[in-house]
Amino acid sequence: MKFETISVIGLGYIGLPTAAVIASRRKKVIGVDVNQNAVDTINRGEIHIVEPELDMIVHAAVTEGYLQATTKPQPSDAFMIAVPTPFKSGFENNHHEADLSYIKAAAKALAPVLKSGDLVILESTSPVGATEKMSEWLSEIRSDLTFPQTHGESSDIRIAHCPERVLPGHVVRELVENDRVIGGMTPKCSEAAKALYKIFVSGECLVTTARTAEMAKLTENSFRDVNIAFANELSIICEKLDINVWELISLANRHPRVNILQPSAGVGGHCIAVDPWFIVDSCPEEAHLIRTAREVNDKKPSWVLNQVKDALIKSCESKTGCTTSDIKVACLGIAFKPDIDDLRESPALSITGEISKLGCQVQVVEPNIERLPKDLVRENIELVSLRQSLDEADVICVLVKHSPFTEEIKNLSAKNFIIDSVGLLS
Ligand code: SAJ
């Protein structure tokens, strides 16, 4: 199959790097996004998100004329959809149902420019069955074309699910090197999708069905979530039994078939804390372990908060005439994981907000940002350097294992009241 022009719908953390990497292979790429500001930024050869190396690749792709952004889909040979799939909003959504409205809107927008022979790929993380639904939505608008759900291998349009699986912070390398799961609605759909990915993927392209590909993505993130939950539960048990959990894990991991992940202040980001719920929502009676892991990880921030409360009280008791407002608590790290500036769904961010409600003074140490996020703009919170917090803070709470913190391990260890939720000192 020949792909002269490829469209990428949704120019966020996944879509923009994908568009730029394909353009770097000298293919004509049209990036489509509803956000005019993002479109304008990209067309200037700049980027609106933070990801190492991406600025260079986008700049080169735009100036060499291979990548162009627009708000309106144009005719293409292939369309790759990389739009968000958050939870449905509303109090009644306690089943954590996925909101497919962005996929529906993308399908609606591209349907008018579809032509026979085109390939449409859904990359967004989706509950099982979403790709078939997307194909239905396209066929409702384009009754003049045939689709795999009714015409199988002879359909005019090819449809596949090929989930993204790149790690934020390493997106550009992983986009090329990672193996890809290619789930066509029919074998011919898979074949077409594989030919597209082979343009820029050096990893293997593994062919399966659309439903298995959807479940594979959810399974990968649930696997990680369950394993982090195991580590987080161990950390709570070890605290009670007066055992150093970090030493325990490193010893247990010397067994040839044991590989425990690391406890933390909780699981953040837009993926691992969300995707397992799509499995639970589809099979609530069956998905016990996956649900429990989510609950264990979601409860970890309040456990850390309780530890801070205890340290705050003890620190206050150690000073004569002290009230809570005299105490300075330093929160080391507010990003959702080490060495990135991404604060989305960050447990460290929510813990810091909760600490500030205790009435103490809060010092935020976050080397990856220049100003406090809106949520933390409060009278008793300030953004300070690590040095200042080491000099001034009464209680130190390590929430993220950022690299610069490791240089101060000696000084941090000397502090009387320190909560180390990520094992920086161990
Ligand atoms: N975390 C721990 N302990 C660990 C490892 C991670 O508490 O031992 C925490 C992190 O601090 C963070 C959260 O888990 O808060 C998630 O971080 P992560 O590095 O595990 O994953 P993400 O969310 O950045 O990216 C994941 C990746 N999935 C897997 O590794 C299976 C990535 O490959 C996916 O593409 C991405 O989700 C996604 O987009 O779905």
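Predicted, not measured: the structure shown is a model, and the values here were computed from it.
- Atom NE2 of His59 has 12 or fewer heavy atoms from other residues, nucleotides or ligands within 6.0 Å.
- Ile57 and Val21 make their closest contact through CG2-N, 4.4 Å (heavy atoms, listed as atom of the first residue, atom of the second, distance).
- Using a 4.0 Å cut-off between charged side-chain N and carboxylate O, Arg211 and Glu132 make a salt bridge.
- In summary, the side chains of Ser250 and Asn253 do not present any donor paired with an acceptor at a separation below 3.5 Å, with no hydrogens or angles considered.
- Aromatic ring pairs are classed by plane angle as parallel below 30°, tilted from 30° to 60° and perpendicular above 60°; the pair Trp277 and His96 is parallel.
- Other residues, nucleotides and ligands contribute only 12 or fewer heavy atoms inside 6.0 Å of the CD atom of Glu233.
- Residues Lys133 and Ser126 have side chains that never bring a donor and an acceptor to within less than 3.5 angstrom of each other.
- Salt bridge Asp298/Arg294: present, at least one basic N to carboxylate O contact under 4.0 Å.
- Under the 3.5 Å distance criterion, with hydrogens and angles disregarded, a donor-acceptor pair is assigned to the side chains of Gln149 and Ser135.
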Checklist entry - Between Glu123 and Arg180, does a salt bridge (Lys or Arg N to Asp or Glu O under 4.0 Å) hold up when you go through it step by step? => result CA-CA 11 Å; Glu123 279 218 3; Arg180 294 298 292 245; 3.1 Å; yes
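- Between Arg387 and Asp391 there is a salt bridge, since at least one side-chain N of the basic residue sits less than 4.0 Å from a carboxylate O of the acidic one.
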Checklist entry - When you look at Lys217 and Glu220, which way does the salt bridge (Lys or Arg N to Asp or Glu O under 4.0 Å) test go after all the steps? => result CA-CA 5 Å; Lys217 168 68 194 200; Glu220 289 160 15; 5.2 Å; no
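- Rounding to the nearest 0.5 angstrom, the gap separating the CZ atom in Phe336 from the CG atom in Asp342 is 5.0 Å.
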